[in-house]
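Convention: sequence-line order gives letters A, B, ...; per-chain numbering from 1.
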Amino acid sequence: MPQDIYRELQWRGLIHQATDPELGRRLAQEQFVLYCGFDPTADSLHLGGLIQLLGLRRMQLAGHSPIAVMGGGTGLIGDPSGRESERSLLDPEVLEANIADIRRQTERIVDFSPGASQAILVNNAEWLRPLKLTDFLRDIGKHFSVNQMVARDSVRSRLESREQGISFTEFTYMLLQSYDFLHLYNQHNCRLQIGGSDQWGNITYGIELIRKVAGAEAYGLTSPLIEGLGGAKMGKSVGGNVWLDPAKTSPYRFYQHFINVDDAQVGQFLRFFTFLGKEEIEQLEGSLRGAPQRRDAHRALAREVTTLVHGLEEAERAERASQALFGKQITELAEPELLDVLADAPSSRRPHSSLAQGTPLVDLLIEAGLATSRKTAREFIGGGGVYINNTKETDVDRSVGEGDLLHGRYLVLRRGKKNHHLVSFG
RNA sequence: GGUGGGAUACCUAAGUGGCCAAAGGGAGCCGGCUGUAAACCGGUUGCGCAAGCUUCGGAGGUUCGAAUCCUUCUCCCACCA
C-alpha cells in the first residue's frame, strides 16, 4: 500500500533530479528496494547525511525497503565529486571505527526491525574488497567509456585545474559506486538509488551499468544540497560542521543551530528535516510572517530535529537550557537547574583558594577559552561583549571575588551573545 | 627521469632589500539596530598594558638591515618522456 511518496517529496522540495519522469508513478504502484550510500570518511554524519537518512525513512514509511550502504570499500578510494582537491586516503581500521559510529546514527532514524519494509544495513567493503582486478576490469571496466568519464564535471574541473590534478584512484571511483548499485540489484533487487545532487553522476553510471549488464531498468533520485543563501555553507554552524554525534556537536549546540537558521530558510528546513505535515508547516510559516519575534517556526524546527537525532529528553533539555540562557536571569536558578542548563556548555574547574585576592577577569576568560589572549580578552570586555552571570561587565581591570559566585561556587562567563562557560570553584 | 611553475596569516591573494606585523577580498569574532533572523553600520583578527618581541614551507648564509638576494632540503602542481 505505498502512498504517493513522490508528490510528498516534491512538495518538500526534496527532489532535485529524477532519472525517469515515470518514477513517481512507479513508486506509487510497486514496492521498491532502494539504497543510499554513506561516506565513512568522518566518524559521524552531518546534516547532509541526515537528509538522506530521513529520505530513506520517508521511503520506508511509504512502504518501500531501504538499504543503508556504508562505504567501507569506496571510502578506501575517495569520491572526487564536489571536491576540488585530492582526498587523503584513510586506513581500513579508521573506516571501520567510523562505520560503527555512523551505523548507530542510522539506526536512530531508519527502522531495522523485521517487517514488510524492513531496512538493512550493509558495508560495500564486503563485495568490493574481494574483487579481483582483472575480473573487475573485464566485467565492469569494459562498460565504461573513458571519453565519457573525462567529460564529467567533477573530473573535468580537476583536469583543467592548474593547481590540482586527479589521481587514477579517484578517477575510478565512479566505477566502484556503479558496481555497488549493480551488486545490490543482483542481491536485493534494489532498483533505486537516492543521494544528494552531487551524486547524480555516480548514480546515473550505476543505472547504465545495470542496464548493460543485467538488462534491467533502475532509477535515481537526488535531493538538493543544503545551502545557505548567498552561498554560505549551511550544514555548518559556529565552530564548524554540525554533526549528528552528540560528542562532536552537543544536543544543545545542535538545537541552537536550528534556532539560528535564517528566517528565509526556516520553511525549507521544516520541510527537509522534519516529518511535520503540510498544514502544520504552513501554519508555522504564517506565524513567522505575522509574529516573527515569537520564533515559533524556529522553535518547532529545532525541537523536531533535535528529537529525531537525540531523542525527546535531550531536545527538552536543550530547550530548557536555551530559555534559561537567553531568557530569565540565571542568577535566579536553583543549583541543580543551573548545572543542568549549562550541562552542554564548556566548563572548567579552579581552586577556591585562588579567589582570596581576587582573580582578574581577563585571566578567567583566557582559561575558559573565551579569549585567546589577554589583548583580545580586554577588547571583548571593553567592547561590551563580556558578561559575568549574564550581567555585562565593561571594566577591563575587573577582578572576580567570592561575592560573584552563584551558590558559593559557580561563575557563569559569557562572551558575545552565545558563548557560555561555567567555572566551578572547589 | 627531464623541464617549468609554486609554497605568505583562517582561506584567497598582493608584496621581489629598509616606508612590512605584512595591501585587498572573503570568512570569523565583538558591538549597535532587531527577534538568539536578514540587511545595514562601527570595531577587530600574531603576542605584549607598553617598550618591544616572534612570524611569510624547513635549515643555513650574504647584508647595517631580508617575506624579498644566495645555498640547500621538504612538499605541491603542470607539461614532456
Using the [atom1] atoms only, state how far [M] lies from [N], rounded to an integer number of Å.
N: B/rG4; M: B/rA9; atom1: P; value: 27 Å
N: B/rA22; M: B/rC33; atom1: C1'; value: 35 Å
N: B/rU3; M: B/rU71; atom1: P; value: 16 Å
N: B/rA7; M: B/rC69; atom1: P; value: 11 Å
N: B/rA78; M: B/rA14; atom1: C1'; value: 23 Å
N: B/rA67; M: B/rU16; atom1: C1'; value: 9 Å
N: B/rG65; M: B/rC77; atom1: P; value: 38 Å
N: B/rG24; M: B/rC30; atom1: P; value: 22 Å

[X] side chain, from C-beta outward: closest of [options]:
X: A/Phe380; options: B/rC29, B/rC47, B/rG35; result: B/rC29
X: A/Ser373; options: B/rG35, B/rU36, B/rC47; result: B/rC47
X: A/Gln256; options: B/rG48, B/rU44, B/rU36; result: B/rU36
X: A/Ser322; options: B/rC47, B/rU36, B/rG35; result: B/rU36
X: A/Lys418; options: B/rU44, B/rU36, B/rG48; result: B/rU36

Mind calculating the distance between [atom1] ([X]) and [atom2] ([N]) to the nearest angstrom?
X: A/Glu379; N: B/rG28; atom1: CD; atom2: P; result: 19 Å
X: A/Arg303; N: B/rU36; atom1: CZ; atom2: P; result: 20 Å
X: A/Phe269; N: B/rA38; atom1: CZ; atom2: P; result: 13 Å
X: A/Tyr387; N: B/rC30; atom1: OH; atom2: P; result: 10 Å
X: A/Leu288; N: B/rA37; atom1: CG; atom2: P; result: 13 Å
X: A/Gln265; N: B/rA39; atom1: CD; atom2: P; result: 11 Å
X: A/Lys417; N: B/rC30; atom1: NZ; atom2: C1'; result: 10 Å
X: A/Leu365; N: B/rC29; atom1: CG; atom2: P; result: 17 Å

Would you mind pulling out the nucleotide paired to [N], Watson-Crick or G-U wobble, both distances under 3.5 Å?
N: B/rG52; result: B/rC47
N: B/rA78; result: B/rU3
N: B/rG31; result: B/rC41
N: B/rA9; result: none
N: B/rC64; result: B/rG18
N: B/rU71; result: B/rA59

field: Closest-nucleotide ordering on RNA chain B, the 5'-leading residue of A/Lys392 and A/Arg378
entry: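 Between the two, 5'-proximity favours A/Lys392.
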- request: Name the residue closer to the 5' end of RNA chain B, choosing between A/Gly385 and A/Ile366 according to the nucleotide with the nearest heavy atom.
  value: A/Gly385
query: Any N or O donor-acceptor pair linking the side chain of A/Arg295 to the base of B/rG35 at under 3.5 Å?
result: yes
message: Measuring centre to centre across the rings, with the benzene-like ring taken for any Trp, is A/Phe425 within less than 6.0 Å of A/Tyr410?
response: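 No, too far apart.
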message: Aromatic contact between A/His310 and A/Phe254, with the criterion being ring centroids under 6.0 Å apart: yes or no?
response: yes
Do any side-chain nitrogens or oxygens of [X] fall under 4.0 Å of OP1 or OP2 in [N]?
X: A/Lys375; N: B/rC30; result: no
X: A/Arg415; N: B/rC29; result: no
X: A/Arg294; N: B/rG35; result: no
X: A/Asn260; N: B/rA38; result: no

- request: Kindly check if the number of other-residue, nucleotide or ligand heavy atoms within 6.0 Å of CD (A/Gln357) is above 12?
  value: no
query: Does any donor atom in the side chain of A/Gln177 or A/Asp180 lie under 3.5 Å from an acceptor atom in the other side chain?
result: no
- request: Output yes when A/Glu393 and A/Arg414 qualify as a salt bridge under the 4.0 Å nitrogen-oxygen rule, no when they do not.
  value: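 Not counted as a salt bridge, because no side-chain N and carboxylate O are separated by less than 4.0 Å.
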message: Strictly below 4.0 Å, N to O, side chains only: are A/Lys375 and A/Glu379 in salt-bridge contact?
response: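 Salt bridge absent between A/Lys375 and A/Glu379.
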Lys/Arg cation over aromatic A/Phe275: A/Arg58, 6.0 Å, 45° cone: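 Yes, cation above the ring, under 6.0 Å and within 45°.
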query: Should A/Arg398 and A/Asp404 be marked as a salt bridge (charged side-chain N to carboxylate O under 4.0 Å, His left out) after you check the CA-CA gap, both sets of side-chain angles, and the distance that decides it?
result: CA-CA 11 Å; A/Arg398 173 74 140 81; A/Asp404 294 308; 3.0 Å; yes
